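As the structure is a computational prediction, the values presented were derived from the model and not from experiment. Proteins get letters first, then strands, A, B, ... in listed order; numbering begins at 1 in each.
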Amino acid sequence: MKNNILIIGGGPAGLEASAQLQRMGYNVILIEKAPKLGGHLAKWDRLFPDSVPADEVLGGLLRSAEGVKCFTDTDVRAINRLDKSYNVRLTNGITVLSDAVLVASGFDLFDAVKKEEYGYGIYDQVMTNADLEAYFKTGSDKRIENPGRIGFAHCVGSRDEKSGCRSCSKVCCATAVKQAIEIKQAFPKAEVYCFYMDLRLFGRHYEDIYLKAQKEYGVRFIRGRLAEVSENYDGTLQVKAEDTVAGKPLKVTLDLLVLMSGMRPSASGKAIGDLLEMTVEEDGYFAVRSGIAAGQRSPIPGIFLAGAATGPKTLPETLADARAAAMEIDRYLTEIFPDAKNYKQLVRERW
Amino acid sequence: MIYEGKQKIWSEYQKEIPDDHYFYVRSCIRQSFFPASEATFLDITRNRLGKDIFETEHHTTCGGIAYHSDTIPQETVMTIIARQFALMAKNGYENYVCSCITSFGLYCETMETWREFPELEAKIRENLWKTCKLEFAKPKFLIHASDLIYKYRNLIAAQAVRKLVNVHTGEPLKVVEHIGCHYSKMFPSKGVGGAEYPYVLTGMIEAWGGEIVDYPERRHCCGFGFRQYFIKGNRGYSLSNTHKKFESMEPFKPDLIITNCPGCPYFLDRWQYVIAESTGKTYGPDGHGIPALTYEEVAGLVMGYDPWDLGLQTHQIGPEPLLDKMGVEYDPAKKYLGKNGKNIGEPLPCTCLKG
Amino acid sequence: MTPLFHLLAVQAADPEVIDRIPSGYSHFVIPFTIGITFMLCWIGVGCIRLLAAIPQSDRLKFWKSLFLPKTIIKNLKDLFGDCLLHVKIWQRKPLLGYMHSAIAFGWFMLIVLGHIEVALFVPARLNVTRGGLFYPIFYRYFVWMNPGHTTLRGSFFFFLMDFFLLYVLSGIALAMFKRFRSIVLGMRHTTKPSLADRVALYSLWMIFPLRLLAESFTADLSGGSFLTVGVNHFWHLLFGDKLWFTPCWWAYSICLGLFFAAMPFSRYMHILTEVLWILLRNAGIQPHHPRKGVAEAEIYACSSCGLCLDACPMNVQKKNLKYSSVYFIRFLRRHNEKKINAIADKCLMCDKCHALCPVGVDAPALRRAQRATVNNSLPYDYSYLPSACAGQLSEQKVLYFAGCMTHLTPRIIKAVDRVFKAAGVEYAFADRDGGICCGRPLMLAGKTEAASKVIEANKKLIVESGCDTLVLSCPICYKIFKDEYHLEGIKVVHYTQFINDLIASGKLKVEKIDEKIVYHDPCELGRGCGVYYEPRAALGQAGTLVKASKEYDESVCCGGSLGSLTLDTRDRARISESSLEILLAEDPETIVTACPLCLKTFSEAVSNSRLPRKNVAVKDFAEVFCR
Amino acid sequence: MVDFGFGLVPSSRINLDLFDKDKYEELAAVEPDVRICMACGSCTAVCTAGKFSTTSLREAIEDIKNAQPAKAVEMLQACQLCGKCSMVCPRGINTRHLILSITKTYSTK
């Protein structure tokens with residue numbers, strides 16, 4: 001018998017897990033609330049550290065997930081737990097009886113408007129990392145017109161308890177360095193400043209792009225959180241930070257400010273979590289069975305998690321997490337699920 | 001500047017302001033700096049808007065200046081405040097309106113502290129009983145006097161005889177709004193419009209036909225800074241801070257600065273004189289300064305009060321160019337005549353700053 | 001046709017030589033005369049200018065040196081050895097030495113013998129007014145050998161002239177061959193000739209074959225020996241009696257003229273300038289300016305032979321060839337300021353080019369002088385020095401000064417301490433808590449004035465310590481303490497010397513173990529201070545010393561040298577790697593060096609390099625004696 | 001002018017708008033390593049002169065980038081060019097040449 005598996009979220013994690021589970025012979029149903037698959041990846045132009053086109057990666061994911069039953073523009077309306085399986089009613093009217101549910105609800109980008117002092121949505125020349133990616137993709141944005149001085153503010157909505165997020169979003173430093181290089185490539189005469197608190201360039205080749213940004217593109221890295229942005233008479237921005245290395249307050253006039261919005265738990269993911277009565281930790285991301293040994297299992301048997309639903313992850317980490325989740329689902333559906341008699345016992349022992 | 005973006009933020013920082021029956025407490029320093037402002041406030045609220053506003057001669061300083069200068073402990077300050085609250089309760093009021101921003105901030109701070117540490121509130125209650133044999137009740141609404149004017153800005157506009165418009169060009173006057181630091185920077189939710197883009201004064205200017213100027217250093221302190229001013233060795237820092245603000249607003253060519261704090265109009269006014277006389281730099285047109293007025297003075301001007309009744313002669317920066325722009329009629333001969341018709345004394349002419 | 005036996009005739013009757021051209025002049029001498037006159041004027045003016053640019057005291061020293069017997073002997077020895085015979089090249093590359101000496105000595109002899117011939121047979125012609133400038137050169141053209149009156153004396157000169165002509169020709173042949181296959185003569189890299197170089201070079205190549213042609217054409221008239229006469233016979237066989245000797249003499253003269261005219265602008269100026277440089281050098285005069293005075297002599301004494309190209313450690317990468325001393329000197333000559341500074345700053349100052357230079361051109365000193373023109377005027381503020389050197393040192397006979405770099409390699413300090421303790425040496429540690437720099441890096445960077453301030457401060461500290469022996473473990477320090485500190489009454493020794501003495505006097509017991517050790521000569525210690533023997537003697541007691549493929553004064557810099565101001569890490573790493581390869585030639589187990597910089601550089605290079613052998617240990621000299 | 005007994009206080013704030021890009025590029029052309037400093041402070045920690053004075057190459061590089069070159073030049077005057085900093089720099093910056101180049105490029109003398 002082919003087990004039904006419902007995957008919630010058609011971003012990279014959902015797509016990768018669908019492809020893997022389909023290969024294993026399961027009957028996969030993938031739902032995505034947006035009209036298009038791909039999640040944030042679909043909105044991105046190039047990916048760090050090697051500036052690989054995002055479309056290329058997404059294309060690969062979509063191709064390998066071909067044949068998976070996909071419902072876009074679809075959300076979960078209700079979920080009932082049956083004995084072992086889940087009865088899921090979708091917003092498109094379809095009801096799915098699923099033996100395992102994978103929540104790959106991803107993340108939301110922090111709403112930069114909330115950092116009022118940065119003036120996103122108020123000053124003309126402030127944009128976010130997502131806006132800049134959109135510019136790279138489409139080549140047009142009224143804010144970008146041969147800017148002379150460009151600033152990147154790291155940690156917007158990350159490592160900021162006042163924004164409700166204590167933790168690091170993991171991807172913004174590398175994204176900022178990547179975007180700094182790309183904007184320098186687009187406007188070679190521009191001066192680019194990155195305002196950072198710590199440069200968290202932990203991954204392979206990340207340090208290389210940092211060095212490249214300094215050496216080849218002359219990007220200036222200033223250690224200090226951007227504190228205040230105001231608009232000058234001519235529409236340029238005056239930004240203030242402390243250069244904490246120099247131990248002095250600093251100001252500079254910018255033509256463009258890019259805010260590196262961090263990752264926040266997905267709001268729609270949380271709604272699904274509420275339906276499933278899933279535990280959410282203090283940081284807003286879903287709790288897992290064990291952060292080290294069972295990072296893809298939720299505390300509820302049969303509910304699995306993958307990708308940024310359990311905290312900020314880079315794309316390769318998300319994909320690896322999705323593959324791991326597929327393995328976990330397979331293990332559950334072959335070792336625990338079929339044994340109806342000892343199901344509860346097995347769940348206690350092995351979940 | 002994206003106006004809609006600001007509106008969105010303003011909509012998130014709205015504050016409930018009661019309709020009537022206010023207990024009013026004056027500001028220590030405003031009474032001596034710009035005494036007519038508080039008088040005008042009472043006149044507008046009582047006589048023009050017909051509100052019940054009560055004040056008692058028994059209220060004292062809130063202790064804020066001493067507190068911010070680190071000369072008295074917090075518990076002392078809280079006990080003083082508790083006494084003011086007791087006066088309010090004794091007189092049957094629960095809407096506490098203060099004229100001073102320092103006081104407003106301190107009241108907010110005290111109430112928040114009590115909320116977090118109820119045992120402290122209990123202790124203060126005990127202190128107050130021991131010292132004054134009084135019992136206090138916390139105000140139901142704690143508001144600043146400018147919140148009230150903000151609330152009635154449209155009523156005032158309806159009674160206005162003129163707008164904040166240059167009568168010669170028809171252009172709205174460019175107004176810099178300067179909020180006292182302790183109005184909303186400590187507790188953004190306690191101020192109308194929050195801390196980053198406060199709306200309390202902006203709302204008045206918009207209602208009265210002026211145009212708000214959003215200059216880069218608008219968030220900064222006027223320069224008073226308590227210890228920065230009080231200690232002469234630090235006074236250069238106070239001056240430098242004000243100087244930074246004027247350098248920043250200069251390109252916008254503002255016609256007027258509106259403030260809601262006791263110290264701000266004073267320092268934005270007097271330091272222009274010091275900057276002019278020590279460096280030769282003036283910020284208004286033709287060697288004049290930029291008038292820094294209180295919101296009551298601005299309200300009074302639009303409502304047709306006589307400028308000398310509003311106390312505009314107590315400003316270092318001469319108000320005449322502004323009055324001319326607004327089309328306000330005034331008698332120059334009466335500028336330095338007191339209420340009793342006697343000369344109140346005239347300042348010596350300045351070298352650099354034009355009167 | 002002159003019968004052969006005439007040449008061998010013993011009897012001689014006057015006149016033996018008859019003016020074939022009574023006027024002693026022919027138009028073809030014009031090119032040569034112009035060329036040589038131009039060159040002589042140039043060099044005359046140059047000499048005066050050069051001597052005028054030397055400080056008064058140095059000039060006096062120079063004139064005096066010319067009359068001191070000791071310098072006279074040295075001058076003669078050097079002039080003969082370096083300028084004519086090229087002994088230094090012979091010693092390292094025999095074939096190349098032969099080539100150089102063949103051209104230099106051979107040509108020199110041709111000129112000298114030519115003039116002797118004229119002096120003997122037509123002495124009147126030596127007079128400048130009677131063609132003394134060109135006559136001896138074209139002697140064979142102007143004279144007619146009286147066939148009936150040849151003498152043994154005459155034949156002897158004919159033979160010598162032919163012999164030296166052949167000698168020169170063999171040198172020229174090698175030179176031509178070297179242009180195309182330099183490696184055969186032991187040179188991996190050769191210099192790129194400039195335009196003037198090319199003109200002079202090709203003229204030089206042509207001079208001697210043309211001389212042979214010209215002289216062989218006239219050999220039946222004006223005499224000759226085995227070579228010219230032999231060739232003359234060949235021509236007659238080939239062409240009969242129709243010999244075009246006037247065009248040949250023209251060609252010969254033109255080539256000579258061209259050569260001399262191009263000479264001042266070419267590397268060949270060295271042939272004459274070398275003499276002046278050797279005299280100045282032996283007089284002990286140091287350059288004060290990278291371009292003027294002694295430096296000028298030095299610059300023009302460079303033959304652009306390119307031996308320094310292979311010597312230079314930077315040249316493991318071909319892209320760095322352009323920073324070699326030969327090009328530095330060439331650009332100095334051309335006043336190419338931008339390039340001069342770039343090249344001056346790049347050099348590691350390992351001094352190998354100087355050690356290997358056939359004429360002893362001290363290019364590193366010129367580079368230092370060049371750096372000084374830029375860097376000496378840069379501001380500095382050492383007002384903190386008095387407080388830095390204020391401490392009181394415990395009074396001991398032996399004072400040990402570790403130096404800045406040694407503080408980054410504490411293993412040296414520890415090893416020195418253990419060795420000193422084992423040998424019972426009581427010592428004071430001058431910079432235990434960190435001292436100031438010795439001043440050598442400043443000196444190398446051309447900040448001589450700043451260096452003097454540092455030297456002064458250190459000197460005070462050392463003199464006040466009351467020690468009688470100063471031991472240094474850093475060759476960089478040692479070099480400057482020895483050369484510039486002038487510590488009267490205090491013996492300044494490098495720890496290799498000191499430890500070797502401890503072993504020799506039996507104070508330090510060394511156990512010999514079975515360990516193959518290779519010793520790396522630090523630049524400043526070996527070439528800089530001439531300390532080659534003591535470290536090897538001491539190491540020989542502790543293990544089996546094996547050879548590096550280049551050692552002593554040919555040892556290659558580790559790549560870490562403080563001498564270079566601009567060489568980057570990658571280039572340095574390549575040098576370290578090649579230097580390591582040289583040290584590992586005989587598969588040693590341990591590399592021993594006696595310099596903190598070499599130690600650090602090699603330790604890192606062993607683990608980082610792409611060389612297959614990674615298990616070789618890198619040790620400091622002192623560590624060998626405290627295992 | 002009136003003497004009030006107090007006056008404007010010079011700002012210690014870094015104003016990057018005053019940054020002289022051309023001059024900096026001039027420096028970076030002779031010593032590109034100025035770009036790659038990551039302000040780890042190793043150079044300052046081992047500095048021979050730093051033990052006796054307030055010199056810091058790390059700070060000097062900052063000063064250059066923060067439009068305060070005069071401070072950098074003054075600070076670097078204590079340098080003895082001993083080269084310890086170049087040995088410890090994790091990015092392999094040619095520190096000594098950088099020091100000389102900063103002095104050469106920005107020195108007003």
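Proximity of a side-chain donor or acceptor of Q77(D) to a complementary backbone N or O of P379(C) within less than 3.5 Å is not detected. Y384(C) contributes no side-chain N or O that, together with a main-chain N or O of A49(D), makes up a donor-acceptor pair within less than 3.5 Å.
Crowding of Q317(C) atom CD: a count of heavy atoms from other residues, nucleotides or ligands under 6.0 Å exceeding 12. Annotation: K319(C), atom NZ; neighbour count of heavy atoms from other residues, nucleotides and ligands within 6.0 Å is above 12. For K21(D), the NZ atom is densely surrounded, since the number of other residues' heavy atoms within 6.0 Å is greater than 12.
With a 4.5 Å cut-off on non-hydrogen atoms, S564(C) touches chain D through its backbone but not through its side chain. Interface remark: K453(C) contributes no atoms to any contact with chain D (heavy atom separation under 4.5 Å). With a 4.5 Å cut-off on non-hydrogen atoms, K104(D) touches chain C through its backbone and its side chain both. For C79(D), the part sitting under 4.5 Å from any heavy atom of chain C is the backbone (N, CA, C, O) and nothing else.
Using a 4.5 Å cut-off on side-chain heavy atoms (C-beta onward), Q80(D) and Y382(C) make contact. A 4.5 Å side-chain heavy-atom check between N94(D) and D568(C) finds every atom pair outside the cut-off. Within the 4.5 Å cutoff, side-chain heavy atoms of L562(C) are placed close to those of R96(D). F52(D) places a side-chain heavy atom less than 4.5 Å from the side chain of I436(C). Between T48(D) and H407(C), every side-chain heavy-atom pair lies at or beyond the 4.5 Å cut-off.
By number of non-hydrogen pairs under 4.5 angstrom with chain D, the leading residue of L442(C), T569(C), I476(C) is L442(C). Contacts with chain D were tallied for L567(C), D345(C), N375(C); N375(C) has the most, counting heavy-atom pairs under 4.5 Å. Each of M87(D), E31(D), E74(D), K51(D) has some count of heavy-atom pairs under 4.5 Å with chain C, and the biggest count is that of M87(D).
A distance of 10.5 Å separates OG in S86(D) from CG in L565(C), rounded to the nearest 0.5 Å. In this structure, CG on L408(C) lies 5.0 Å from NZ on K84(D), to the nearest 0.5 angstrom. The structure places CG of L100(D) at 9.5 Å from CZ of R371(C), a figure rounded to the nearest 0.5 Å.
Of all heavy-atom pairs spanning C82(D) and P441(C), the tightest one is CA-CG, 4.0 Å.
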